Every structure is written in structure tokens, then in C-alpha cells.
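First up is the structure itself, then whatever we jot down about it.
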Amino acid sequence: MEDPLLNFLVKFQNLVAKNVSITHLGVENVKSICALDIAYKGNIGYAVAVYFDGNKYEHYVFAGEVNFPYIPTFLFMREAPLMMKALEKYQDQCQLTLVDGHGLAHPRRSGIATVIGVLLNIPTIGVAKSRLFGEEVREGEETYIVVNGEKVGVKRGKYYFSIGNKVDLVDVITLSRLGYPEALKLADKISKEAKGKR
DNA sequence: GCGACAG
DNA sequence: ATCTTGTCGC
């Protein structure tokens, strides 16, 4: 890591990881959730925050320029800024926020879901479509994602669910059993529509 | 050196 | 993530 900026970002991630709070939220009793995703059209990113109160879905789009490149393990630099702006709309209304990407299933326990959760001090869970880091350990019916001997999430079907912040493994497992979150599907769909019509 | 590598 | 038609498979 001789690049000064990446060297700096690694220190930032280590600090974020040190401030993660792993506590039980009780996903089964959560009444409102938010979901974050983003789509691009050239260097313009369209971040979407979907809000679901258990009855109706709402959403908010925040578009802006994105110039930081995609570098594995540093995804948050490219997507977190716009996602956090989109989330401002519902931030104090949702009890749990789902982020497209990993949480603690990251080399430095600092995936985008964890970064957003720690910076905003809110409960988050990361839901990714493919693997980044951690070994997959099967124990009966569950396939855990293990990082440095610590179970940080589970793999369910083709998806990876991991602790972001202010939730615990039980919460992550409970959420994963409900299948891929509808709110995330909506966020993905809406972000693609947003960049489409331009 | 080689392979892996969220979106 | 994005570029993109048809096509193989559950």
C-alpha cells in the first residue's frame, strides 16, 4: 500500500471497524426500513433511498457526480457519499437500513454497510450479490461468513448478508430468512430507471 | 509471482 | 456498476 491516499483510507477503515457496535436490534419487531442502492450513467450516480413503513413504499433520488474509481475494498468512497445524501430524507424514520454491499464481511471489517452505519450511528445490514472476503463455513443448514474466526454474517442462496452496525448475527440471520429484501429490489429498479431517462 | 477482487 | 442478443437451463 504505497499509495498515500489508499494508505490513509485503510487507517480510516480501521477506525470505523474499531467503532462498530454489535448489539441485538430485534429485526422481527422492526416497523420501518430503508434500502440503499445506486446506478450510474457515465460519471453521474443516481443514489436511491427506499423507505417502507410496513404498509407503503416511498423513495427519494439524489444524483451527483462520482469520480472516485471502483477499487475492491474501497467501494464506500464511490457510493457512500450519494447514498448518505439520499438517506437523509428518511434517516430518522427508519429503524434499520439495508445497504447493497458487504458490512463486516470485508478484509478490515469495514464494508460500505458498516461505514454508513458507523458514520451515521444507525443500524445497518449489508446485502451483497457476490463474495468479497471471508471463509464460508457450513454448520448444519447455515453457511456462515467467517472473518478472522468471527461469524459476521450468513450466505443464503446466492446472497451474502452481513452485520453492518448496531445489529447482531441473530438479526442478520432473521433478515436473511425472509429472502432478498423487496426494498432493495425496488431501490435497484428505481435507480436504473433514474439513470435511464436522461 | 499468482489468484482474488462488493459495485 | 456498465456495455448488450440471443440463448441454455431450472
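Naming: A, B, ... by sequence-line order, numbering from 1 per chain. Please read these numbers as outputs of a predicted model, since none were measured by experiment.
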Write down the distance between CD1 (A:I44) and P (C:dT2), rounded to a whole number of angstrom.
-> 14 Å

Can you check the A:I145 CD1 to B:dA6 P distance for me, whole Å?
-> 13 Å

For A:A105, which contact category applies under a 4.0 Å heavy-atom criterion: base, sugar-phosphate, or nothing?
-> nothing

Pick base, sugar-phosphate or nothing for A:F74, based on heavy-atom distances below 4.0 Å to the nucleic acid.
-> base

Phosphate oxygens OP1/OP2 of C:dA1: is one of them under 4.0 Å from a side-chain N or O of A:R78?
-> no

Listed nucleotide nearest any side-chain atom of A:Y40, set B:dG7, B:dC5, C:dT2 | C:dT2

Within 45 degrees of the axis of the six-membered ring of A:Y40 and under 6.0 Å from its centre: does A:R78 put its NZ or CZ there?
-> yes

Within 45 degrees of the axis of the six-membered ring of A:Y46 and under 6.0 Å from its centre: does A:K195 put its NZ or CZ there?
-> no

If you check every side-chain atom of A:R131, which of C:dA1, B:dA6, B:dA4 has the closest atom?
-> B:dA4

May I ask you to say what A:I112 touches in the nucleic acid, namely base, sugar-phosphate or nothing, with a heavy-atom cut-off under 4.0 Å?
-> base

To the nearest angstrom, how far is A:K158 atom NZ from B:dG7 atom P?
-> 11 Å

Side chain of A:K195 - closest among B:dA6, B:dA4, C:dC3 = C:dC3

Distance in angstrom units between A:Q13 CD and B:dA6 P, rounded | 14 Å

Look at the aromatic rings of A:Y60 and A:Y90 and report parallel, tilted or perpendicular, splitting at 30° and 60°.
-> perpendicular

Quick one: is A:S130 getting a side-chain N or O under 4.0 Å of the B:dG7 phosphate, OP1 or OP2?
-> yes

Looking at A:K41, does any N or O in its side chain come under 4.0 Å of the phosphate oxygens OP1/OP2 on C:dA1?
-> no

Expressed in angstrom and rounded to an integer, what is the separation of A:L132 atom CG from C:dA1 atom P?
-> 15 Å

What's the CG-P distance between A:L36 and B:dA6, to the nearest Å?
-> 19 Å

Under 5.5 Å between ring centres and under 30° between planes: true for A:Y70 and the base of B:dG7?
-> yes

Does the ring centre of A:F12 sit less than 6.0 Å away from the ring centre of A:F76?
-> yes

A:Y160 OH to B:dC5 P, in whole Å, measures 9 Å

A:K129 NZ - B:dC5 P separation (whole Å) = 16 Å

Got a second to check how far A:L36's CG is from A:F62's CZ, nearest 0.5 Å?
-> 12.5 Å

